Every structure is written in structure tokens, then in C-alpha cells.
Amino acid sequence: MSSNQSNPQTRSEMHAERNRGSNGHHTFRRIFKWLFVLFLAAILLGAVVFFYYAEGAPSISQSALESDTSTKVYDSNNNVISRLGAQNRDYVKSKNIPAQLKSAVVSIEDRRFYKNYGVDPIRIISAAVHNVTGSSLGLQGGSTLTQQLVKLSVFSTAKSDQTLKRKSQEAWLAIKVDQKYSKQQILEFYINKVYMGNGVYGMQTAAHYYYGKSLTKLSLPEMAMIAGMPQSPTNYDPIHHPKYATYRRNQVLDAMVANKQITASQATAAKAVGVQSDLAKTHPVSTINLTNQKYIDAYLKEVYSELKSDGYNTNTDGLRVYTNLNMSAQKHLYSIANSNNYVAYPSNKFQLGATMVNPNNGKVVAMLGGRKTSNVSFGLNRAVQTDRSSGSTAKPIADYGPAIQYLKYPTYQPVQDTQYYYPGSTRELNDFDNRHEGTITMRKALVESRNIPAVRTLDAVGINRATNFLGNLGMTFNDKLTLQNGIGLYISTEQEAAAYAAFANGGTYYKPHLLDHVVTADGKSHSYGVKGTRAMSPATAFMITDMLKGVITSTNGSGTAANISGLYQAGKTGTTAYPDDYASSVPSDAAMDSWFTGYTKNYSLSVWTGYDKQFEQGHYLPYEQTKIAQEIYRSEMSYVQQNASNTDWTAPSDVVATRRNGTTEYYVAGYPGDASTATNDGISSSTNANDSTGNNEANTNSSSKSSSSSKSSSTSTEQRPTGGNGGAGGGGNNDTQNTNSNSTETTPNTNNGDNTGRTNTATTKNGQ
């Protein structure tokens with residue numbers, strides 16, 4: 001009885017258990033079904049995306065596959081001026097490529113090359129697994145050799161171009177290339193196209209460069225070295241990096257063994273050979289057009305720097321780079337610097353840096369990084385160095401420009417040239433002659449480059465507002481600005497030319513740029529034009545320009561050696577003195593640096609002159625040599641203005657002209673000022689009612705191209721101007737520098753570090 005009663009319960013339990021098992025099985029099947037559906041959907045979606053992107057893929061021709069991937073650089077007239085890798089590339093046909101080299105390339109780059117159809121799904125999946133699991137020494141690439149060829153022939157390697165769309169198009173084109181060309185042809189294209197370091201393209205050229213012989217005469221270890229270099233030609237260069245080169249060569253040999261192309265004993269014997277044992281003793285220089293190189297070295301260096309910062313690979317991207325270079329102006333500037341036909345240089349060690357920009361768009365049309373630089377490629381570019389004080393060329397942009405912009409100073413604003421001590425100290429500021437002229441106009445102070453009125457004006461404006469004004473002109477500084485920066489800023493000729501260009505064009509700042517546009521291998525054009533920003537009012541630009549005309553044309557102007565008869569132009573001089581602890585080692589009129597920055601409506605040109613090692617014996621600028629910067633400017637500006645318009649600046653509608661003491665002066669409408677009251681007279685204030693700094697210092701924003709505001713406190717060491725005309729210069733009265741200052745400050749670091757630990761005083765002279 002009990003047995004019969006238990007049986008139904010047992011059967012019920014068994015039935016329930018079977019149902020549970022059946023339900024679990026159905027659930028698993030449903031999950032598997034949905035996963036499968038999702039997998040198919042993902043594949044379908046991927047296919048749709050792939051073909052959508054592939055449809056817009058650029059065309060690829062045989063000429064593109066055969067061409068090298070060097071970067072071609074053009075001037076503003078679309079003439080090729082340089083070609084990175086412009087060598088006599090030895091194109092080698094497939095029949096002349098050793099079979100062992102082909103096997104080495106295939107073994108290390110794409111072992112399934114002969115079996116895939118341009119893309120290799122197995123390779124892609126394997127690479128993904130390796131990357132996820134970290135089971136390899138580095139990230140694994142899924143690209144086949146054919147895909148690499150397509151990338152080198154059509155696409156840029158810039159990071160911005162590493163997109164799903166680009167990868168899809170690359171894969172699609174690889175399939176088409178595989179369909180159209182034989183494997184031997186594809187290998188031929190690849191072996192002739194790859195970059196091999198040191199400006200060399202193609203493995204045949206590399207064989208001659210590194211080993212002094214053709215591919216057919218290379219030994220097994222040499223072939224393995226050549227085959228392994230394209231992955232990282234700089235790091236695997238056997239000349240400069242033998243350790244890494246050995247590692248890479250041995251990788252290739254091991255890959256050849258794994259691919260059954262050589263035996264293990266052959267690999268062992270090849271590994272025993274040093275990578276440098278059979279290198280050629282000389283290597284043909286064939287990377288750049290040397291005819292143009294000497295003229296454009298500094299310009300090219302900056303072009304390649306800009307391209308690199310934007311992610312382009314100038315060795316492998318096959319770029320067409322269109323620059324803003326005016327080749328005629330550049331060659332003339334080079335001629336001025338490297339001959340004595342225009343300027344009498346004291347020695348070959350006398351150096352310069354110069355930049356010329358178009359004020360109306362910021363295009364850098366010429367740049368020179370030095371003189372007598374021999375055949376050095378991409379050497380020191382003094383045009384962009386920021387470790388030398390600009391002297392009094394800082395006054396229009398740090399002092400008087402802000403005064404007009406923020407305080408509405410008229411050009412006849414009374415300013416005090418009286419005894420002055422830096423706030424909170426006993427440190428006295430003086431001019432070249434240790435004299436004070438009392439109350440003078442702002443125009444006179446700027447034209448004659450008097451230092452005390454300049455610093456007083458900066459004090460009245462306030463450091464914060466002066467810093468903002470400089471920021472509007474593209475200048476940011478890592479260090480705090482102080483009142484001494486009113487007579488000197490650590491900036492480059494490129495920065496200063498662009499800043500003065502804003503005066504020339506009516507107050508708009510354009511960031512200086514050397515590139516106009518870049519065309520990548522796939523035919524896409526990337527523009528580098530910049531949009532101007534309002535840096536100051538048209539009134540400020542006009543009034544500064546009107547005063548700076550007098551620097552060049554006035555009898556007492558500091559820049560009369562830059563005068564060009566009949567040309568409407570404006571400009572400013574700047575020189576810097578030696579520190580007090582060194583001043584006794586040089587003549588009393590000696591300067592460390594001399595600048596001239598000037599402009600017309602068409603061009604703005606800034607020139608620095610001096611010595612790299614200014615503390616070496618004889619490396620100072622006597623008074624007469626401080627005019628060389630003006631003479632360089634005059635010669636170059638005369639040349640470029642020959643076929644350019646020559647028009648004067650006209651006053652904006654809100655600028656009012658008035659006659660004062662026989663001179664046409666200007667003021668902003670509604671702000672005529674008080675001609676009887678000088679601002680900031682008496683003891684200098686340490687604060688300004690309209691400036692919150694309080695201590696006359698301001699923290700400034702740092703930037704990737706920032707300058708040091710006060711590696712030392714800037715020192716302006718100008719010479720006394722005494723008449724003269726355009727070609728005669730500023731007279732011969734050489735006045736002594738002020739040694740009354742009690743401050744000691746470190747001088748700026750020079751290009752060669754000669755200033756380390758030296759002290760500097762606030763010595764000043766009047767503008768030359």
C-alpha cells in the first residue's frame with residue numbers, strides 16, 4: 001500500500017525534473033540563438049559600414065604604387081624647393097630582386113602573403129588576440145604587406161587619419177591591388193617604396209647607402225638587416241643604433257627559419273656576423289636638394305617641425321607641402337647675410353636671426369637662422385630663439401601701445417624723464433647719458449628711445465594690462481613680467497615681426513605660419529590659413545605707427561640707418577648692455593645684442609644681431625656695429641618693396657590730428673589729455689588704480705611656445721642718436737653705459753650657455 005502511494009509521487013517528481021531540464025535546455029538554446037543573431041547582425045552591420053566607407057575610397061594607380069613616399073616642399077609660387085629624400089632612387093625590377101630578400105621580407109612582414117587576398121582575417125584575429133591577452137612583446141598589427149603598400153601609396157600616417165573609415169578603405173584597396181597585380185609585382189612595389197632611414201627610399205638604394213653594393217651582392221645577414229628596417233628605420237639603423245639593429249636583424253632570421261626559408265644553422269651563422277662589420281665607410285648624401293638647402297635651411301627646419309607636431313611623417317606620407325616662402329626674398333636675405341656686398345660684417349662669427357611676415361595674413365615669407373653656417377643642415381635657428389633680450393624694441397608693445405589702448409594717451413602725452421627708482425628698492429634706472437630731460441612728450445621719448453619714460457609709462461598702465469596687450473599679440477610667458485620688461489622682452493624675431501605686423505595692418509594679430517596647405521597622398525588638402533584677431537584698436541595701431549616713423553626719419557631718431565628714401569615705413573631699435581660685473585672687460589659703448597624691427601603695409605621684418613658666445617673675448621658690438629641690424633633691414637626691405645605698393649597709413653575716424661609745437665600730433669577723439677600735466681611724475685608708484693597686481697608683477701599663461709620674461713631683468717643698452725640721414729646712421733657720439741644701478745640679476749642664457757651664473761645690472765642706454 002505504501003509502495004503504491006509512493007510511486008505517483010516519484011513519477012511526479014521525475015516529470016518535474018524532466019521539465020526543468022527541458023526548460024534549461026530551451027533557455028540555453030534561446031540564449032545561443034540570440035547570441036548567434038547578434039553575431040550575424042554585427043557582421044552584417046560591419047559589412048554595411050565597410051562597404052559604405054569603401055565606396056568612397058580614393059583611386060590607386062600604378063604610378064602611385066611605384067612612386068617614392070618622399071615629402072615635396074613648394075614655395076609660394078608653387079615651385080619645388082626641397083624634397084625630403086630627393087635621392088637618385090634606384091628602382092629595381094622584380095627579376096633583379098634576390099629571392100632570398102623576398103623571402104626575408106615576406107617572413108617578417110606577412111608570412112601568409114602568398115595565400116591571402118590582400119587582407120588576412122586570420123592575421124587580424126590573431127593580432128586582436130595577442131593585443132587583448134598581451135601575449136606578445138608589443139602590439140600586433142593586422143595589416144598585410146599589401147595593406148602596408150596601400151597605406152604608403154595613398155594614405156597619411158597622421159594620427160588624425162587613423163580612423164575606421166581609413167582602415168576600411170585601406171583594406172578595400174588592398175583587395176583591389178591583389179586582384180590587379182601579381183604577388184611578385186606587389187613585392188616589387190613594396191621593396192622600392194619603403195623608407196629606409198637617412199633620407200633613403202627603396203631597398204636597392206639602401207643597399208648602396210649602407211653597404212656600398214647592389215641587392216644581388218648582399219649576404220644573408222645584410223639582406224635580413226635590409227628586410228627588417230622598414231618597421232622602424234631610424235631605430236634599426238645599423239650605423240647609429242647597432243644594438244637595436246642587431247635585435248631586428250635576428251628577428252628576421254628567426255622568422256625565416258620559422259617560415260622554412262633558411263635552416264637554423266644558417267641563421268646561427270648569420271647572427272654571428274656583426275651588423276657593422278660590412279657597412280660602407282662613406283654614405284652618399286642624397287636627402288635634400290643642396291642647391292636650395294643653403295638658402296632655406298632655417299625655414300625648412302620650422303616647416304618640418306610644424307608638420308611633425310601635426311602628426312605627419314615627412315618620410316613616409318608622400319606629402320605635398322605648400323609654404324608661404326617668397327624664394328626671391330629668401331635668397332636676397334641669405335645674400336645679405338653671407339656676403340659683404342650689403343653689410344660690412346666684423347667676422348664670420350658675427351650672427352643674426354631674421355623673420356619677415358606679411359602683415360595682412362601672418363604668412364612667414366622669409367626666415368634666416370644664421371650666417372656662415374657652412375653645410376650644416378637644420379642647425380640652430382636664431383630666428384626663433386627666445387633667449388636674448390629684445391631691448392627697446394619692447395617699448396611699443398609693452399609700454400606705449402598699452403598706454404594708448406587703455407589710458408588713451410595722445411602722442412603728445414607729457415611723460416617724465418626724471419630720477420627714477422624701481423618701486424620698493426634703491427635701484428636707480430638711467431639712460432645712456434646719465435641725464436634727465438625732464439618733462440617730454442611720449443613721441444619724443446619713443447623716437448629717442450628714452451628708458452625712464454618707458455618704464456614710468458608701463459608703471460602707469462600696470463603689468464596686468466601690459467601682459468594682456470602682449471597676449472593679444474601672441475606672446476605668453478612662463479615667468480612673471482616686471483617693470484624692467486618695459487625695456488626688454490625675451491622673444492624671438494618671429495614673434496616680434498608678427499607683433500609689429502599688427503601695427504602695420506591697423507590692429508589685427510595673425511599668428512605667424514610657414515605652411516599654406518598640405519596635400520596628403522590621398523589628395524586631401526589641409527589648409528593652414530589663420531584667422532586674425534583684434535589685438536588693439538585701429539587708433540592705437542595708427543598712433544604707434546606715426547610715432548615709429550620718426551624713429552627712422554627724425555634727426556634725433558634712433559633708427560636712421562634703416563631709412564629708405566621715399567618709403568612709408570616705421571620701426572624701432574633695440575640694444576642690450578653687458579652686466580656690471582663684466583662691463584669693465586669691454587669698451588664703454590659695447591652692446592651684447594642689437595635689434596631692428598620695422599614694417600611697411602606689405603612686410604614686417606625683425607632682425608637680431610650679435611654673437612652666440614657674447615662673453616668670449618672680442619664678442620661684443622661696438623657702437624658702429626649696432627647699426628648692422630638696421631642695415632640688414634634696409635637692404636632687405638628695399639629689395640622686397642621694389643614691386644610692392646608704397647602707401648601711407650591714414651588716421652582712423654576716431655583719431656584727431658592737432659598741431660603742437662610745429663608737429664602734427666594725434667589723440668583719440670574725446671581724450672585730448674592735459675598737455676600741462678605729466679603722468680607718473682615724481683616717485684614711481686608701486687600700484688595702479690586700474691591694475692590689481694599691486695606689486696607690478698603678473699603671472700602669465702604658459703604655452704608651448706612661451707618665452708621667459710625675465711631670465712634676467714631685461715636690460716636696454718641703447719646708444720645716443722645724434723642726427724644723420726638714411727645711410728649715415730645715428731652719429732658718432734658714443735656714450736657710456738649707466739653703472740648706477742644697485743641690482744644684481746642673472747643674465748639670459750645664451751645659445752651656448754656662456755651666461756651661467758653671471759650677474760647683470762639694470763644698465764641702460766638710449767636707442768640706436
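What you see is a predicted model; the values in this text were computed from it and never measured.
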Can you list everything that forms a side-chain contact (heavy atoms from CB on, under 4.5 Å) with [X]? Sequence neighbours excluded, please.
X: P538; result: R534, P652
X: K444; result: E437, I440, T441, E448
X: A394; result: S390, L489

Exercise. Start with the C-alpha distance between L429 and I487, add both sets of side-chain angles, then the distance that settles side chain to side chain contact (heavy atoms under 4.5 Å, CB included), and finish with yes or no.
Key: CA-CA 11 Å; L429 172 65; I487 54 174; 4.2 Å; yes
Near [X] [atom1], under 6.0 Å, is it more than 12 heavy atoms from other residues, nucleotides or ligands?
X: K372; atom1: NZ; result: yes
X: Y528; atom1: OH; result: yes
X: N341; atom1: CG; result: yes
X: N340; atom1: CG; result: yes

Under a plain distance cut-off of 3.5 Å, with no hydrogens placed, do [Y] and [X] share a side-chain donor-acceptor pair?
X: S328; Y: Y639; answer: yes
X: E302; Y: N381; answer: yes
X: T418; Y: R456; answer: yes
X: Q569; Y: T600; answer: no
X: N324; Y: S76; answer: no
X: K572; Y: S449; answer: yes
X: D431; Y: N451; answer: yes
X: Q405; Y: T540; answer: yes

Practice problem: Check ring pair (Phe, Tyr, Trp, His ring centres under 6.0 Å) between F469 and all other residues, then give those that pass, not counting sequence neighbours. | Solution: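 In terms of ring pair (Phe, Tyr, Trp, His ring centres under 6.0 Å), with neighbours along the sequence ignored, F469 is linked to no residue.
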Practice problem: Mind checking ring pair (Phe, Tyr, Trp, His ring centres under 6.0 Å) for Y342 and listing every partner two or more places apart, or none if nothing turns up? | Solution: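 With neighbours one apart ignored, the set is H332.
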Would you say that [X] contacts [Y] through its side chain, given a criterion of any heavy-atom pair below 4.5 Å between the two side chains?
X: I628; Y: F350; answer: yes
X: Y611; Y: L621; answer: yes
X: W595; Y: E496; answer: yes
X: I296; Y: M327; answer: yes
X: L380; Y: Q385; answer: yes
X: I632; Y: T609; answer: yes
X: Y666; Y: V656; answer: no
X: M592; Y: F615; answer: yes

Quiz prompt | Aromatic Y345 / basic R371 pairing, under 6.0 angstrom, 45° off normal | solution = yes
Distance check, rounded to the nearest 0.5 Å: [X] atom [atom1] versus [Y] atom [atom2]?
X: R465; Y: L458; atom1: CZ; atom2: CG; value: 11.0 Å
X: Q614; Y: Q351; atom1: CD; atom2: CD; value: 12.5 Å
X: I552; Y: L567; atom1: CD1; atom2: CG; value: 8.5 Å
X: T457; Y: Q413; atom1: OG1; atom2: CD; value: 8.0 Å
X: Q330; Y: D297; atom1: CD; atom2: CG; value: 10.0 Å
X: Y412; Y: M547; atom1: OH; atom2: CE; value: 12.5 Å

Exercise: identify the closest heavy-atom pair between [X] and [Y]:
X: H436; Y: I452; result: CD2-CD1, 3.5 Å
X: Y603; Y: M637; result: O-CE, 3.8 Å
X: Y667; Y: P410; result: CB-CB, 3.6 Å
X: M536; Y: A502; result: CE-CB, 3.9 Å
X: G486; Y: A398; result: CA-CB, 4.5 Å

Quiz item: Less than 6.0 Å separating the ring centroids of Y599 and W649?
Solution: yes
Practice problem: May I ask you to decide whether R382 forms a salt bridge with D612, counting only side-chain N to carboxylate O separations under 4.0 Å? | Solution: yes
Practice problem: Please confirm whether the backbone N or O of V455 pairs with a side-chain atom of D459, one donor and one acceptor, at under 3.5 Å? | Solution: no
Quiz item: Hey, does the side chain of D654 reach the backbone of A669 with a donor-acceptor pair shorter than 3.5 angstrom?
Solution: no
Practice problem: Kindly state each residue pair satisfying salt bridge (Lys or Arg N to Asp or Glu O under 4.0 Å) with at least one member in residues 543-560, sequence neighbours excluded. | Solution: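 Counting only pairs at least two positions apart or across chains, the salt bridge (Lys or Arg N to Asp or Glu O under 4.0 Å) contacts touching residues 543-560 are R443-D546, K549-D648.
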Quiz item: Testing N472, T597, I544, I491 for side chain to side chain contact (heavy atoms under 4.5 Å, CB included) with I397, which one passes?
Solution: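 The residue from N472, T597, I544, I491 that satisfies side chain to side chain contact (heavy atoms under 4.5 Å, CB included) with I397 turns out to be I491.
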